[in-house]
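The sequence lines fix the lettering, A, B, ..., with proteins before strands; numbering per chain opens at 1.
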There are 2 protein chains.
Amino acid sequence: MAPTSGKRRVTITDVALHAGVSTSAVSKVLRNAYGVSPEMRERVRAAMAELDYRPHAAARGMRGRTYTIGVLLDNIRNAFFADILEGVNTELRGGDYQVLIGAAGFGEEDQTRLARALVDRQMDGLILIGPGFPRTEVLRTAATVPTVVIGHHDVAEEHDSVVDADALGAGLVIDHLVRLGHRRIALTSTPGNRGSGWSGTPERVQRRGYHEAMRRHGLQDLARVAMTAFSEEGGYRAGMELLASADRPTAVFGGADVAAMGVFRAARELGLRIPEDFSLAGYNNTAVAALAPVRLTSVDQAGGLMGTTAARLLLERIEGRTRSVLMTVSPSLVVRGTTGPPPATEV
Amino acid sequence: MAPTSGKRRVTITDVALHAGVSTSAVSKVLRNAYGVSPEMRERVRAAMAELDYRPHAAARGMRGRTYTIGVLLDNIRNAFFADILEGVNTELRGGDYQVLIGAAGFGEEDQTRLARALVDRQMDGLILIGPGFPRTEVLRTAATVPTVVIGHHDVAEEHDSVVDADALGAGLVIDHLVRLGHRRIALTSTPGNRGSGWSGTPERVQRRGYHEAMRRHGLQDLARVAMTAFSEEGGYRAGMELLASADRPTAVFGGADVAAMGVFRAARELGLRIPEDFSLAGYNNTAVAALAPVRLTSVDQAGGLMGTTAARLLLERIEGRTRSVLMTVSPSLVVRGTTGPPPATEV
DNA sequence: GTACGTGTGTAGAACGTTCTCCGAATTGAA
DNA sequence: TTCAATTCGGAGAACGTTCTACACACGTAC
């Protein structure tokens, strides 16, 4: 058994005794419930302060709320998630709720296990960021506890959704590159074994947007997509595949900033200068993109806004809203140093 | 009240009924406790599987453990923390414990509040990464629940400690730069209002190591430290201050990779080429340092190892160890493209 | 004088576990 | 046969809250 050495916790009973009232009364004060006179409220408050009382969340969880919100994500290394979380924290700061994050990894089983763990720990609400476990499992979870899904474009009665207009975002990049004079523009994307049942993963919608934009510019025959993982290494391999080929693209749109970094490495290794010989754009506008040695043109998704929105929607759901809501935020292009006109020989 | 719509949870009673035994028996099986026959264990196991039973963590928390470990950190944006967390997760994967992360921000009150929240939520153990709230509060917490502190060199009976040999790490960088021919080597560091009572914060130990190394090389008079925040912006300001001055250093040791990125921006803005005109090194060897456009020379701290170690120590403490343990991991230098000999005019 | 709110407070039964204690059955030794 | 000793299983009291139900005191309207 854990050595809980220290003295016993101060409980609601201690407070009640100290204030000379019933535990019910203390509980009411605690929850701002109806049926307490101002004087009693004051007396109880004083007693709580005097004894340095803090309610035991686990015990509260047995009957009512735990005042805890769980966030599930695959990997905290993804800087975009940090933006979202900052938004969530901003919205919830000062309120009664605490945010606890679970980093599940990319495995389907691990994610499922974490999701269940969050439910078992009696979270009052869940924010799932780009969940990679089966949709049916998500829906089952969402039927039990208020849930907001961030990223996937699939909507459902059971949960709210906060998404980025990814098709539009992809369009922004293509428009920008075409305007610069590029025609052979490739995309790196990921098959995304994101569990089963999701038809609207961000990467898929982004891909759709890419193809639409290429078609819009009459470049559909030049469209080319390299599928790998959204990671530095994945981007590198995709970059190698694309740039070593005969009719090599003059620009690559990395579907995620990390992947773009990998493409960058491939380009450098092949002796291509950026942006003189080759243009590169990313997606998500994570912190790296802005770094002085990087200066990557990218698409900003307003992660902070997505976070605050998700938190607000979740609170509403906890308070009882049942109609589901879809919130779409629109992306914007941030042009930096990695995109420029294609080399003269290509025009 | 939250709409818990779905059907009622499967409880231990349901399992007991279904298996035709008492709840006590089920509980015993659940906890691998003494006093169950193999047949009964099998029967109960089968019932649990059949009903898809999952113990209610909040309820368990009221008497025994919650099988949850809380990690407190200031900001998930710090890529070094990701390394640590990966280590923690690796060690705990497959076990009974779940890891939940709280991102407290840098404020002293916010951190204190989060720490208390974790205790209130009945965590079985706590991992505090570079805590920025008062040491007394940490010690009080550690007296109540098993705790491991990562980063700070201050040791105590109440908790275990996992630290990097930061003085040594600073020495590695200085040695490397001196060997290249540099003499005017500056450091960017942070005052770090990391709560009160900590005398061994990583940055302080690192600073000490820097001064020792400079003295060792007879360069104590050329030592120079710019104090700012460990952030891109902070690094930029420090870089500007150092590089715009008359006797500008030929090399800067950014006390953290992010800060080094800021210094990079300052250098570029002043028209200094790296590493031809000016050398730059970072600390922590975060993911950015390895990126193709960055290639920052940095000090690797083996964050993963720190994480696995911390997790292991914590489990031991939960199992009852009371003697405190200090674990030091040694850093290693990773030389990349941002360091080279000083410009000829300087030698 | 009765009936009916309305506002303020308490009693006490949940909630789903853990764990101490106790009883029954079985075994082994004297 | 009797008496421990050992093993297996269950009863039931916690744990710290929430929340329903109810009691009481005080109007107020008829």
Using whole Å, what does the distance between atom [atom2] of nucleotide [N] and atom [atom1] of [X] come to?
X      : N       : atom1 : atom2 : answer
M48(A) : dT17(D) : CE    : C1'   : 14 Å
I12(A) : dG16(D) : CD1   : C1'   : 8 Å
L17(B) : dA11(D) : CG    : C1'   : 15 Å
L30(A) : dG16(D) : CG    : C1'   : 11 Å
M62(B) : dT18(D) : CE    : P     : 11 Å
R65(B) : dT18(C) : CZ    : P     : 11 Å

With R45(B) via salt bridge (Lys or Arg N to Asp or Glu O under 4.0 Å) - residues at least two apart: none

For residues 51-62 of chain A, pull every pair meeting salt bridge (charged side-chain N to carboxylate O under 4.0 Å, His left out), keeping only residues two or more places apart or in separate chains. R54(A)-D120(B)

Within residues 14-37 of chain A or reaching into it, pairs that qualify as salt bridge (charged side-chain N to carboxylate O under 4.0 Å, His left out) - sequence neighbours excluded: R8(A)-D14(A)

To the nearest 10 degrees, how far apart in direction are the end axes of the helix from dG1(C)-dC30(D) to dA30(C)-dT1(D), each fit to five base pairs? 60°

For Y67(B) and dT17(C), is the shortest distance between a side-chain N/O and OP1 or OP2 below 4.0 Å? no

Is there a side-chain contact between R31(A) and the phosphate of dC19(D), meaning an N or O under 4.0 Å from OP1 or OP2? yes

Nucleic acid contacts - residues 115-123 of chain B versus DNA chain D, non-hydrogen atoms under 4.0 Å: none

Sequence-aligned protein contact record of nucleotides 9-14 of chain C, with B where the base is within under 4.0 Å of a protein heavy atom and S where only the sugar-phosphate is: BBBB-B

Which residues pass the ring pair (Phe, Tyr, Trp, His ring centres under 6.0 Å) test with H159(A), sequence neighbours left out? none

Results of side chain to side chain donor-acceptor pair (under 3.5 Å) for T308(A) - residues two or more places apart only: none

Could you work out, with side chain to side chain donor-acceptor pair (under 3.5 Å) as the rule, every residue matching E316(B), not counting sequence neighbours? R321(B)

Name every donor-acceptor pair, under 3.5 Å, that has one atom in a side chain of residues 32-43 of chain A and the other anywhere in the protein, sequence neighbours excluded.
| unit_1 | atom_1 | unit_2 | atom_2 | d |
| --- | --- | --- | --- | --- |
| S37(A) | OG | M40(A) | N | 3.3 |
| R43(A) | NH1 | A19(A) | O | 2.8 |

Looking at R77(B) and E86(A), is there a salt bridge between them, counting it only when a charged N and a carboxylate O are closer than 4.0 Å? yes

Take S27(A) and I12(A) through the side-chain contact (heavy atoms from CB on, under 4.5 Å) test and state the conclusion after the steps. CA-CA 7 Å; S27(A) 176; I12(A) 203 173; 3.9 Å; yes

[X]-[Y] side chain donor-acceptor pair, cut-off 3.5 Å:
X       : Y       : result
S199(B) : D154(B) : yes
R121(A) : T66(B)  : no
R9(B)   : Y53(B)  : no

Between the protein and nucleotides 4-7 of chain C, list every N/O to N/O distance that falls short of 3.5 Å.
| unit_1 | atom_1 | unit_2 | atom_2 | d |
| --- | --- | --- | --- | --- |
| dG7(C) | OP2 | Y34(A) | OH | 3.2 |

Identify all side-chain donor-acceptor contacts of residues 98-117 of chain A below 3.5 Å with residues at least two apart in sequence or on another chain.
| unit_1 | atom_1 | unit_2 | atom_2 | d |
| --- | --- | --- | --- | --- |
| D110(A) | OD1 | R113(A) | NH2 | 3.2 |
| D110(A) | OD2 | R93(B) | NH1 | 2.6 |
| Q111(A) | OE1 | G132(A) | N | 2.7 |
| Q111(A) | NE2 | G105(A) | O | 3.0 |
| T112(A) | OG1 | E108(A) | O | 2.8 |
| R116(A) | NE | E137(A) | OE2 | 3.2 |
| R116(A) | NH2 | E137(A) | OE1 | 3.3 |

